[in-house]
Amino acid sequence: MVVRCSAVSETVTTAPPPALPPRERGLTRRTWTLIVSFLVVAALGLLGGFARVPYVALGPGPTYDVLGKVKDTDVVSVDGQDTFPTKGTLRMTTVSLTDDVSLFGALGLWLSGRYALAPREEFFKPGESEEEVQKNNELAFSESQTSAEVAALHYLKYPGMVIANQVTKGSPAENVIPLGARIISVNGKQVQSAADVSSALENTKPGDRIEVAFEKDGTSQSTQLTLGTRDDGRPAGFIGISPVDRADVPFKIKISLSDVGGPSAGLIFALAIVDKLTPGELNGGKAIAGTGEIAADGTVKPIGGIAFKMVAAKEAGATAFLVPAANCTDAKQQAPSDLRLIKVENLSDAVSSLEALNAGKDTPNC
């Protein structure tokens with residue numbers, strides 16, 4: 001018997017493999033580039049914004065009309081003496097100094113074209129604090145006021161005197177000539193200026209005995225001194241006092257101006273004193289500005305920052321600017337347009353130039 005077997009056909013369906021978790025994809029190169037670039041920019045921004053550079057920024061500073069008032073107080077006042085009215089303006093000029101400058105701050109100031117950068121060590125000595133610099137600047141400003149007063153009163157023919165401003169420790173004058181004493185004569189020669197003290201010692205030598213006459217608290221005295229040896233190698237004998245010129249007048253001049261340092265306002269202060277103590281308007285009612293350190297004998301010395309001071313003067317409305325003769329070359333190259341530059345070598349030059357300007361005459365220009 002043949003058993004016929006019928007084949008059973010089965011359709012087998014293959015099941016898909018179990019699902020796997022999605023594959024984690026890393027950051028693309030482009031994304032990494034963007035992140036790194038951002039971090040670099042952020043780091044540079046922090047560096048530029050906070051990192052300090054060893055430079056200071058110099059620019060035009062404020063100006064002050066010394067014939068006017070600041071905070072309702074006369075900048076230059078005279079107590080105990082009649083004064084004359086003034087007109088116009090006579091401006092002292094300053095330079096602003098910005099310390100603690102960041103990298104970006106320095107770049108921005110420089111790009112503005114209004115400021116210049118200078119190495120910090122030119123203004124701050126190694127190890128010198130900002131407080132010490134400020135104190136030195138204030139001292140120089142105070143000394144400029146004294147020199148301006150002496151120069152102005154000397155120009156106006158008021159009498160002067162010489163005082164012992166310092167007495168050197170260990171010198172022949174120590175404990176003999178009091179600090180602040182008025183020096184009357186040295187080695188038999190009358191003293192009318194600080195320079196007369198040196199002149200009186202020209203033909204002396206260490207070991208010589210000389211006589212010094214002085215006055216202190218209304219009492220006149222004279223003393224014999226044995227001259228010492230100078231530290232500077234000069235053969236003349238040494239007393240040990242630092243003589244300075246002072247005005248000998250029965251009235252008091254006061255200059256009231258704060259937050260300003262340095263010696264460069266001396267010329268303008270002297271002119272203000274002359275203007276207030278003489279009839280008429282020295283500047284003819286015009287807007288005048290200027291700068292210059294002044295010595296007690298009226299000599300005008302050069303200053304720094306002339307370019308910034310001229311810009312400040314021009315912006316304040318000045319039409320003429322008094323320039324120390326030694327600054328004329330730089331001033332001519334950097335002067336704003338339409339600002340007349342008047343060259344001055346001493347106080348007498350400055351006064352005569354302002355009088356000529358007032359009268360419409362020529363002045364010695366840079």
Side-chain angles (χ1 to χ4, degrees), residues 60 63-68 75-76 78 81-94 144 147-158 253 264-303 305-366:
T63 67
Y64 301 92
D65 177 19
V66 298
L67 298 179
V75 175
V76 177
V78 182
Q81 176 74 9
D82 291 337
T83 58
F84 298 89
T86 60
K87 290 184 179 179
T89 57
L90 183 60
R91 292 190 174 275
M92 58 163 282
T93 52
T94 66
S144 77
S147 295
E149 178 181 338
V150 173
L153 296 179
H154 176 74
Y155 171 81
L156 295 173
K157 308 302 182 185
Y158 284 95
I253 295 172
S264 64
L267 170 63
I268 301 302
F269 285 145
L271 287 170
I273 295 169
V274 171
D275 200 2
K276 292 204 169 192
L277 291 176
T278 54
E281 295 84 36
L282 186 59
N283 60 6
K286 297 179 174 62
I288 307 297
T291 187
E293 182 180 353
I294 198 165
D297 64 0
T299 302
V300 177
K301 303 177 183 180
I303 50 79
I306 188 74
F308 305 117
K309 293 181 178 183
M310 292 187 297
V311 169
K314 179 67 175 179
E315 292 177 350
T319 57
F321 191 90
L322 300 172
V323 181
N327 288 118
C328 264
T329 300
D330 290 339
K332 284 174 60 178
Q333 296 172 352
Q334 304 175 77
S337 60
D338 300 325
L339 183 65
R340 184 172 182 170
L341 304 183
I342 300 176
K343 180 174 70 173
V344 295
E345 295 187 0
N346 51 56
L347 179 59
S348 181
D349 283 350
V351 172
S352 60
S353 290
L354 289 180
E355 291 174 341
L357 187 67
N358 188 16
K361 298 179 181 180
D362 292 336
T363 59
N365 300 327
C366 288

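We use all heavy atoms of the structure for the numbers below, so side chains are in, but hydrogens, waters and symmetry mates are not.
In this structure a side-chain-to-backbone donor-acceptor pair under 3.5 Å is present from Asn283 to Thr89.
The closest side-chain heavy-atom distance from Tyr64 to Ile268 is not below 4.5 Å. Between Asp65 and Val75 there is no side-chain heavy-atom pair separated by less than 4.5 Å. Leu271 has its side chain within reach of Leu90: a pair of non-hydrogen atoms, C-beta onward, lies under 4.5 Å apart. Within the 4.5 Å cutoff, the side chain of Glu149 has heavy atoms near those of the Ile273 side chain. Side-chain contact between Leu277 and Leu153: present, with at least one pair of heavy atoms (C-beta onward) separated by less than 4.5 Å. Two residues are said to be in side-chain contact when any heavy atoms from C-beta on lie closer than 4.5 Å; His154 and Leu347 fail this criterion. The side-chain heavy atoms of Leu357 and Ile288, taken from C-beta on, include a pair separated by under 4.5 Å. For the pair Leu267 and Val344, the minimum side-chain heavy-atom distance is below 4.5 Å.
Nearest heavy-atom pair, Arg340 versus Asn365, reported as atom, atom and distance to 0.1 Å: NE-OD1, 3.8 Å. Closest approach of Cys366 to Lys332, counting heavy atoms only: C-CD, 3.2 Å. The minimum heavy-atom distance linking Thr93 with Gly290 is given by the pair OG1-O, 3.2 Å. In terms of heavy-atom proximity, Asn327 sits nearest to Pro302 at OD1-CA, 3.2 Å. Phe321 approaches Ala313 most closely through the heavy-atom pair CD1-CB, 3.6 Å. In terms of heavy atoms, Gly292 sits closest to Val300 at CA-CG1, 4.1 Å.
Thr291 contributes atom OG1, which lies 13.5 Å from atom NZ of Lys301 (distance to the nearest 0.5 angstrom). Note that NZ of Lys314 and CG of Asp338 are 4.5 Å apart. Values are rounded to the nearest 0.5 Å. Ser147 contributes atom OG, which lies 9.5 Å from atom CG of Asp297 (distance to the nearest 0.5 angstrom). Separation of atoms OG (Ser353) and CG (Asp362) is listed at 10.5 Å; rounding is to 0.5 Å. Atoms CG and CD1, on Asp330 and Ile306 in that order, are 8.5 Å from each other to the nearest 0.5 Å. In this structure, Met310 CE and Leu341 CG are separated by 6.0 Å, a value rounded to the nearest 0.5 Å.
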Please lay out, stage by stage, how Leu282 and Thr86 fare under the test side-chain contact (heavy atoms from CB on, under 4.5 Å). CA-CA 8 Å; Leu282 186 59; Thr86 60; over 6 Å; no
CA sep, side-chain torsions, deciding dist, call: Thr299, Ile294, side-chain contact (heavy atoms from CB on, under 4.5 Å): CA-CA 6 Å; Thr299 302; Ile294 198 165; over 6 Å; no
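More than 12 heavy atoms of other residues, nucleotides or ligands sit less than 6.0 Å from atom NZ of Lys276.
Taking the side chain to side chain donor-acceptor pair (under 3.5 Å) definition, one finds that Thr63 meets it with Arg91, sequence neighbours left out.
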